[in-house]
Structure formats: C-alpha cells, structure tokens
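Just below is one structure, and these are the notes that go with it.
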Amino acid sequence: MRRRSASLLGLAGLLALPLTVMPQAQAADGLVSTGKAATASSVETSAFGPGLAVDGSTASRWASLEGVDPQWIRIDLGANHTISRVKLDWETAYGKTYRIQTSADGSTWTDVYSTTAGDGATDDLTVSGSGRYVRMYGTGRGTPYGYSLWEFEVYGAPTGGGGGGGTAVPFGSHLKPYAAGILKPTGSQAAIDQKVVDYYNKWKTAFVRQNCGNGWYQIISPDADHPYVAEAQGYGMVVTATMAGADPDAKRIFDGLVKWKIDHPSAINPDLLAAEQDTACRSVNGGDGATDGDMDVAYGLLLADKQWGSTGTYNYKDLALKHIAAIKKDELNPTTKLLKLGDWSSSGDQYYYISRTSDWMVDHFRAFRRASGDTTWDAVRTAHQTQISRLQSTYASGTGLLPDFVVDTNTTPKPAPGQVLEDPNDGAYWWNACRTPWRIADDAVTSGDATSLAAARKLNSWIKTKTGGDPNKIAIGYKLNGTQIASGSEAAFFAPFAVAAMTDPGSQAWLDALWNKMLATPVDTSSYFSASIQLQVMITASGNHWVP
C-alpha cells in the first residue's frame, strides 16, 4: 500500500478512522534504520553520502550521480529483521521506477515492492519481508538528475537470526577512515566493496571447513606442510571479524575458530595456539606456537571484541589480553624487542636472535598497546620500525625490499646469509617477505605514521619503476638488489604492492592496474596462502581495514 504525504485521505476520512485500525505491524514495529550503516552505488559528491539518508535529519540527504541508471542505496540493519514498512522521503530527484529489496546476506535480493509510476515527495510503503539488508534499487529516474533521499526509513523488528546482531563496524560502513591523502581504486565505493565480498565468498567456499566436528571451524591449508596451520587460522579470524557486515555467518565461523584455538593450545604456553594440526585435527611436531599465527589470532580477537562485545559465548577481550601477554612472554625477545620465530625458541639456542620480517605487523603492535595499556608495545613498535628503515637503507637502498629472515638481532641485524630456517633464499625477498609491503603499508594507511609511509613509498617507487607500471611483470621473488629470482605471477607477490601504492598520491594509475590485476585473478583453491593474502589486501584497498 502506497500513500503520498501530499495526497492522503481527506480530512474527514482521517477523522473517521480510529487509531486502532492502523495496520498492526506499523503500530508494533519501530524505526530500525536510523544510524545504521548505509552504502550506495554512487554519490553525487562527498557532501551527499549514503549515511545522510539514515541520520534522522530531513536537512541532509544522499544523492547519486546524475543521469545514470541503475542506482541503489543499501541499509545494513546489523541482524535479521522482519520488515513491515519502508518510508522514502524523496528530494526533487526521485525514482520513477524502483524496487525495495531485502537480503539476508547482501548478495541475493528479494523484491518486496516495485513501481513504475513513482512521482516523488514521500512514499510510505507497507511491505512484508525479512532480511538484514534493505535496498532501494532504482532503474528509472523521475528527473534528468539522479536519485536523492532526505531520509530512508525502515520499520520492523529483529528476528534473532543472522550473523551476530549489533555489529559495530559492518563491512562496507567505512566508519574508520584512513589517513589523509591515501588512495583507493577508481570506481564507486559500493562496487569496490562488492568485489571484495565476491572474492571473500569464493575464498570462504574454498578454505573454511568443519572437518572435525566438535563445534570447530578451521581454515584448511592445502599448500602447507599440514592441513591446518596457525597462520591460516589467524588469517581466518581477522578476515571473518572484518567481513561481519557482509557475511551473516561471520560470528558463528569466528566462534568456531576461537574454539579451535582454545582446544589446540601450544604445549609451551597454553594461551598461544599450536602451530600445526594433522588430518585428524591433532596438534603435531611438538605442538608449539608460531609467532605469525599468534599475532593475527590476538588481533582477530580484538576485532571481535569491538565488533560484537565480549559478553557472549566467549570473552574475546579476555582471550585477546591473555594471548597478547603470552606473545610478550614467549614470542618476543626481551633484549632486542623484536619478535622471535615462535615460543619454542629460547635463550642460548641458534634461533634466539633471528626474526621473520613478515611478522613485523606494526598496526597490530598499536592495537596491543591500546588494548593492554602496556607501554612495552610502544617500544616494540619503535624497534621494528627502526629495523625496517635500517634494513632498507643499508641492504636495499635501491629497492626497499626486506629479507625473509634477519639474523644477529642482538648485535648488527642483517639479512640471513643463506638458509637459516626454511630455504637458501632466507636472506632474499621470498615467500615470507613478500607480505611486507602489505604489512608495512597497512600501518601507513591507517595511522599516517611518517616512518611507515616512507618505508611503503620506497617499496612502491621501486616496483612501479621496475615493472614499468605493469603488474604482470612482478616476479616471484627478488634479491635485495632487485634481481629477479623466479618468473611467473603469484598473488602473494603482486597483491601486497597494492597497499604500498595507496600511500603515494602519484600512483593512482598504478594502484588501479594492481586492483584490476587482482580482480582478474581467480581464487587459487590450491593456495590458502596466496588467496588469503590477496583477500586481505583487497579489504585494505577497498577502505575496510581498521585497527581495534
């Protein structure tokens, strides 16, 4: 039922109707859209963002690009709701042909209303549907302009279903803006976000598993030494907590990963995660911890605490603080303030003064400091940033590349002279260090820190020049002087440079080329490593990475 505010029932008719005959749903259901996350296919300018259509004010509005169909605006209610009423308060630029749609997952949409005869002003619609997301999808403008709404109101009631109601930072909400001057790929924000969601859904199908029962979820790692490794579980926790605005199952998956972490403790420090599990989901190879996985597990728990709070099945904040304290105790060298390889390395062994550069996650250190209040993490962050700058200037002045492993961290840190842990290329930019442009630039884009920006820009400048702006020419591995190690193209090597490109105002075309390269690269179902790295790079490139 549609009613226009300018041509409602006559006054006498209104007076003759007692209030009790108002539709029951409208009498019972409340306004559930105000202040919720909103995204749109486009905006006319930054002054007309989609959030202005759900801010409760008729003095501000969303407006799409002019002269372009179709266009849409979407509201994320945070959890599944029954939807009984939608009210559209149009500005002059109204929709003549449009649909109101609902969705449980933000991907598959159901029409609950459609018209080809819209005439503007106020459309007050009685509908019947359910979903977490509600969208106005316009295919025909009523004016030569675009689509513009003073307010987009949804009325209904939560059903208790869906993926974790009350998500604080839904994917696509962009509530945590990046530092000034940071680039994003060219295109509408909504379209960019959707590309990330599409890739995530394929990643999820390929790697998210429940192979062992017991309420566990796991991220499978077909390209690792064992089917389940801590690094993959850490990736999974960070990704699912971040994608909570797009995946209604995110909280359930995250909690299954938490249960896996709790039930697979390190044999050395039970507040850490054992590094490897076999096909029977039993920890193997001594059951000790790996720093890279533990860093992301702790970070993922902090994200979850901010997303959903810690009063549910698991106290995410408490688990995070215990994990952070355990990293400090058993995975941090107390003398150098640099991360060790794992909790298994102790004073006096040959690995005690070796560190892996891909573990140097500066934004994680900031989050640990904020959550714990422990100033040690300030010193840890500074120590790692100092070594990043020093290694670049001393050993890779022309490239900015970092080695997989750094030795002699107690005296004069330097690239590994050969195989010290994994490969003869341990001192080169190889299968570990390939992540460092992403890790360094993640901090640069979110904090604007000058040291991180300088390091990321050095990497970006070199690779852009080296390849002539063609991401297809990014090789698999380099010596620190820039000599190529292997040919081919691998997402683990080309994707991380996209985050570095975001830090350089003169690299828009280069960033777009890298983004398009990622869009053209399907999920490699045989490699959790490359696929998980590309997904997290896409999350950052789209503006959806945030620091808890």
Side-chain angles (χ1 to χ4, degrees), residues 2 4-5 33-77 83 86-103 106-107 109-125 127 131-154 170-175 177 184-198 245-246 512 515 542-544:
R2 176 185 181 278
R4 280 191 26 99
S5 60
S33 54
T34 301
K36 295 299 173 63
T39 54
S41 52
S42 69
V43 293
E44 181 182 348
T45 72
S46 59
F48 300 109
L52 298 176
V54 292
D55 64 356
S57 170
T58 55
S60 58
R61 62 187 174 94
W62 162 70
S64 74
L65 288 174
E66 296 183 351
V68 180
D69 289 308
Q71 298 287 342
W72 52 261
I73 179 171
R74 180 185 79 173
I75 302 172
D76 178 2
L77 300 176
I83 309 300
V86 171
K87 185 178 179 182
L88 303 175
D89 188 359
W90 294 104
E91 194 253 353
T92 302
Y94 67 92
K96 180 178 181 181
T97 301
Y98 69 88
R99 287 171 271 169
I100 301 298
Q101 302 174 311
T102 61
S103 174
S107 298
W109 295 92
T110 300
D111 293 351
V112 295
Y113 174 83
S114 64
T115 184
T116 59
D119 53 4
T122 300
D123 291 346
D124 199 340
L125 313 171
V127 301
R132 172 172 174 162
Y133 303 89
V134 182
R135 179 168 78 167
M136 187 289 297
Y137 187 83
T139 56
R141 290 163 289 115
T143 72
Y145 305 111
Y147 297 82
S148 184
L149 287 166
W150 294 109
E151 282 295 295
F152 181 3
E153 296 181 349
V154 177
F171 179 86
S173 61
H174 303 280
L175 296 175
K184 284 193 290 185
T186 300
S188 77
Q189 183 64 68
I192 291 169
D193 288 344
Q194 189 59 52
K195 292 297 185 182
V196 182
V197 173
D198 293 344
D512 290 344
W515 176 255
S542 67
N544 286 288

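Heads up: numbering here begins at 1 and tracks the sequence. What's counted below: heavy atoms across the whole structure, side chains too, no hydrogens, waters or symmetry copies. A quick note: this is a predicted structure, and the numbers were derived from the prediction, not measured.
- Residue Gln71 comes nearest to Ser42 through the heavy atom pair OE1-OG, 2.7 Å, listed as atom of the first residue, atom of the second, then distance.
- Interatomic distance, CH2 of Trp109 versus OH of Tyr137, reported as 11.0 Å (0.5 Å rounding).
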Evaluate the side-chain contact (heavy atoms from CB on, under 4.5 Å) criterion for residues Asp124 and Lys87: first the C-alpha distance (whole Å), next the side-chain angles of each, then the deciding distance (0.1 Å), finally the verdict.
CA-CA 4 Å; Asp124 199 340; Lys87 185 178 179 182; 4.2 Å; yes
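- Partners of Thr45 according to the side-chain contact (heavy atoms from CB on, under 4.5 Å) rule, which considers only residues two or more places apart in sequence or in another chain, are Ala47, Phe48.
- Between the Ser542 side chain and the Ile192 main chain, no donor and acceptor come within less than 3.5 Å of each other.
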Given Lys195 and Trp515, is the side-chain contact (heavy atoms from CB on, under 4.5 Å) satisfied, shown in steps?
CA-CA 10 Å; Lys195 292 297 185 182; Trp515 176 255; 4.1 Å; yes
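- Between Ile75 and Ser33, the shortest heavy-atom distance links the atoms CD1-CB, 4.0 Å.
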Does Val112 form a side-chain contact (heavy atoms from CB on, under 4.5 Å) with Val86? I'd like the steps, not just the answer.
CA-CA 10 Å; Val112 295; Val86 171; 5.8 Å; no
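- Taken from CH2 in Trp90 to OG1 in Thr122, the straight-line distance is 11.0 Å, to the nearest 0.5 Å.
- Surrounding NZ of Lys36 are more than 12 heavy atoms belonging to other residues, nucleotides or ligands, all under 6.0 Å away.
- Looking at Ser188, its side chain does come within 3.5 Å of a backbone N or O of Ser41 through a donor-acceptor pair.
- Under 3.5 Å, the side chains of Asp123 and Tyr94 contain no donor-acceptor pair of N or O atoms.
- For the atom pair CD1 (Ile100) and CG (Asp111), the distance works out to 9.5 Å, reported to the nearest 0.5 Å.
- One finds the CD atom of Gln189 at 9.0 Å from the OG1 atom of Thr39 (value rounded to the nearest 0.5 Å).
- Contacts classified as salt bridge (charged side-chain N to carboxylate O under 4.0 Å, His left out) and involving residues 133-152 (residues at least two apart or in different chains) are given here: Asp69-Arg141.
- At least one side-chain heavy atom of Phe152 sits under 4.5 Å from a side-chain heavy atom of Val134.
- The heavy-atom pair separating Ala53 from Ile73 by the smallest distance is CB-CD1, 3.8 Å.
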Take Trp62 and Tyr147, measure what side-chain contact (heavy atoms from CB on, under 4.5 Å) needs, and give me the verdict at the end.
CA-CA 8 Å; Trp62 162 70; Tyr147 297 82; 3.9 Å; yes
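- Listed here is the closest heavy atom pair of Ser173 and Ala37: CB-CB, 3.6 Å.
- In terms of heavy atoms, Ser148 sits closest to Arg61 at OG-NH1, 2.8 Å.
- Atom CG in Asp55 sits 11.0 Å away from atom CH2 in Trp150 (nearest 0.5 Å).
- Scanning all heavy atoms of the two residues, the minimum distance from His174 to Asp193 falls at NE2-OD2, 2.9 Å.
- Residues satisfying the side-chain contact (heavy atoms from CB on, under 4.5 Å) criterion with Ser114, sequence neighbours excluded, are Arg99.
- Here CD of Glu91 is found 12.0 Å from OG of Ser60. Values are rounded to the nearest 0.5 Å.
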